Amino acid sequence: MKALVLLSGGLDSSVCLGLAVKEYGAGEVLALSVFYGQKHDKELKAAEDIASYYGVRRLTLDLGEIFKDSDCTLLTGSKEEIPHEEYAKQLEMTGGAPVSTYVPFRNGLFLSSAASVALANGCEVIYYGAHADDAAGNAYPDTSVEFNRAMSEAIYLGSGNALRIVAPFIDKSKSDVVAEGLRAGVPFELTWSCYEGHDKACGVCGTCRDRRRAFADNGLTDPIEYEV
């Protein structure tokens with residue numbers, strides 16, 4: 001294997017998978033999906049479909065125990081509802097602290113775990129889909145340029161200079177991610193981004209709002225179905 005891709009089943013990670021397959025070929029790409037105690041499995045099912053579409057091997061990892069005490073609204077341990085406001089409004093409500101859907105240090109944990117899996121499988125790069133919109137205003141601090149730089153250095157050094165992180169969208173917007181995915185022919189209709197676990201995407205959670213706007217910025221309508 002040459003590349004490991006952290007594949008959630010969402011839009012950003014699916015574009016990363018498409019880019020990795022284009023760069024290395026499906027036979028040299030390993031997809032890694034993570035269960036972390038989320039309230040629904042819609043993304044994981046999407047990840048399975050996307051990995052099958054590209055013909056790549058996929059592994060799953062259960063890290064749910066680590067987050068069992070978290071009150072993050074995405075997780076089964078939380079009794080709170082997932083917010084349905086724009087991220088800017090959510091940040092006003094938190095006073096600039098990370099939003100309630102921030103899973104504590106998730107990307108740090110995922111990247112560290114992915115590094116071990118990647119090294120065990122002979123991979124030389126890890127792709128993940130962090131982008132600038134998520135980092136804006138400190139909503140998700142583990143998606144920032146600074147965080148990526150620190151984790152990249154730690155993994156490179158900790159792997160004996162054998163493993164690099166590739167974050168192609170770390171300084172780009174969600175609209176840029178969609179544009180890149182369109183060029184690469186990514187099957188967006190198979191992806192799932194919504195924080196709710198309904199039959200259709202809710203259309204009003206922060207990530208649904210960002211996703212729809214990204215397609216609109218590219219002059220397109222999102223191919224998935226929405227409730228509203």
Side-chain angles (χ1 to χ4, degrees), residues 3 5-24 26 29 31 33 42-54 56 74 82-91 99 101-102 106-107 110 125-137 139-140 142-145 147-148 165-198 200-228:
V5 179
L6 276 168
L7 180 67
S8 69
L11 185 153
D12 313 308
S13 67
S14 297
V15 177
C16 282
L17 182 61
L19 295 179
V21 169
K22 182 179 180 181
E23 178 72 18
Y24 296 101
V29 175
S33 301
K42 298 284 287 189
E43 273 194 328
L44 291 175
K45 288 179 178 177
E48 183 178 2
D49 291 341
I50 294 157
S52 178
Y53 174 90
Y54 279 107
V56 302
L74 293 187
I82 292 168
H84 286 172
E85 295 84 13
E86 299 266 0
Y87 283 125
K89 181 64 175 178
Q90 292 182 45
L91 286 165
V99 296
T101 48
Y102 167 66
R106 177 175 64 178
N107 279 344
F110 285 11
V125 295
I126 298 171
Y127 281 73
Y128 81 118
H131 60 84
D133 288 356
D134 277 348
Y140 297 98
D142 59 352
T143 63
S144 68
V145 170
F147 175 85
N148 179 68
I165 290 180
V166 176
F169 312 121
I170 196 68
D171 59 351
K172 300 185 184 302
S173 70
K174 190 88 165 183
S175 300
D176 295 328
V177 179
V178 169
E180 186 62 41
L182 291 169
R183 286 190 289 270
V186 173
F188 286 128
E189 69 278 5
L190 299 180
T191 64
W192 182 270
S193 303
C194 181
Y195 287 152
E196 302 284 4
H198 306 161
K200 299 178 182 179
C202 73
V204 291
C205 68
T207 190
C208 276
R209 292 175 183 272
D210 278 4
R211 176 178 170 135
R212 293 175 93 168
R213 185 182 301 112
F215 276 96
D217 287 346
N218 282 277
L220 297 171
T221 300
D222 191 341
I224 70 168
E225 291 187 287
Y226 286 91
E227 292 178 335
V228 294

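Computation of the quantities below employed the complete heavy-atom set of this structure, encompassing side-chain atoms and omitting hydrogens, waters and symmetry-equivalent molecules. Just so we're clear, the structure is a prediction, and the values are computed from it rather than from any experiment.
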Side-chain touch P168/L19, heavy atoms, less than 4.5 angstrom: yes

S175 versus D217, side-chain donor and acceptor atoms under 3.5 Å: yes

Rounded distance [0.5 Å steps], OG in S144 versus CG in D134: 11.0 Å

For the student: nearest non-hydrogen atoms of T191 and L11, plus distance: CB-N, 4.1 Å

Minimum heavy-atom distance between C202 and C205, given as atom pair plus value: SG-N, 3.2 Å

Distance-only donor-acceptor check, side chains D133 and Y87, under 3.5 Å: no

Nearest atoms (heavy-atom pairs only) where S33 meets L44: CB-CD2, 3.9 Å

Side-chain heavy atoms of Y24 within contact of V125, under 4.5 Å: yes

Step-by-step side chain to side chain contact (heavy atoms under 4.5 Å, CB included) determination, L7 to Y54: CA-CA 12 Å; L7 180 67; Y54 279 107; over 6 Å; no

Derivation and outcome, side chain to side chain contact (heavy atoms under 4.5 Å, CB included), residues F215 and T221: CA-CA 6 Å; F215 276 96; T221 300; over 6 Å; no

Partners passing side-chain hydrogen bond (donor to acceptor under 3.5 Å, both in side chains) against R106 (at least two apart in sequence or in another chain): Y36

Side chain to side chain contact (heavy atoms under 4.5 Å, CB included) between W192 and I50, worked out: CA-CA 10 Å; W192 182 270; I50 294 157; over 6 Å; no

OG-CG distance between S193 and D222, expressed to the nearest 0.5 angstrom: 7.5 Å

Side chains of S13 and S8, donor plus acceptor under 3.5 Å: yes

Nearest-0.5 Å distance that lies between atom CD1 in I224 and atom SG in C208: 6.0 Å

Donor-acceptor pair, side chain of E43 and main chain of G9, under 3.5 angstrom: no

E86 side, atom CD; R209 side, atom CZ - distance, nearest 0.5 Å: 5.0 Å

Nearest atoms (heavy-atom pairs only) where Y128 meets N107: CE1-ND2, 4.1 Å

Donor-acceptor pair, side chain of N218 and main chain of L220, under 3.5 angstrom: no

Nearest-0.5 Å distance, CG of residue D12 to CG of residue D176: 11.0 Å

Residues forming a side-chain hydrogen bond (donor to acceptor under 3.5 Å, both in side chains) with Y102, sequence neighbours excluded: none

From CA spacing to verdict: side chain to side chain contact (heavy atoms under 4.5 Å, CB included), L17, Y127: CA-CA 8 Å; L17 182 61; Y127 281 73; over 6 Å; no

Throw together a table of side-chain donor-acceptor distances under 3.5 angstrom for residues 180-189, partners on residues two or more places apart or in other chains.
residue: E180; atom: OE1; partner: R183; partner atom: NH2; Å: 2.8

Interatomic distance, H131 atom NE2 to K174 atom NZ [nearest 0.5 angstrom]: 4.0 Å

T101 side-chain N/O to L74 backbone N/O, donor-acceptor pair under 3.5 Å: no

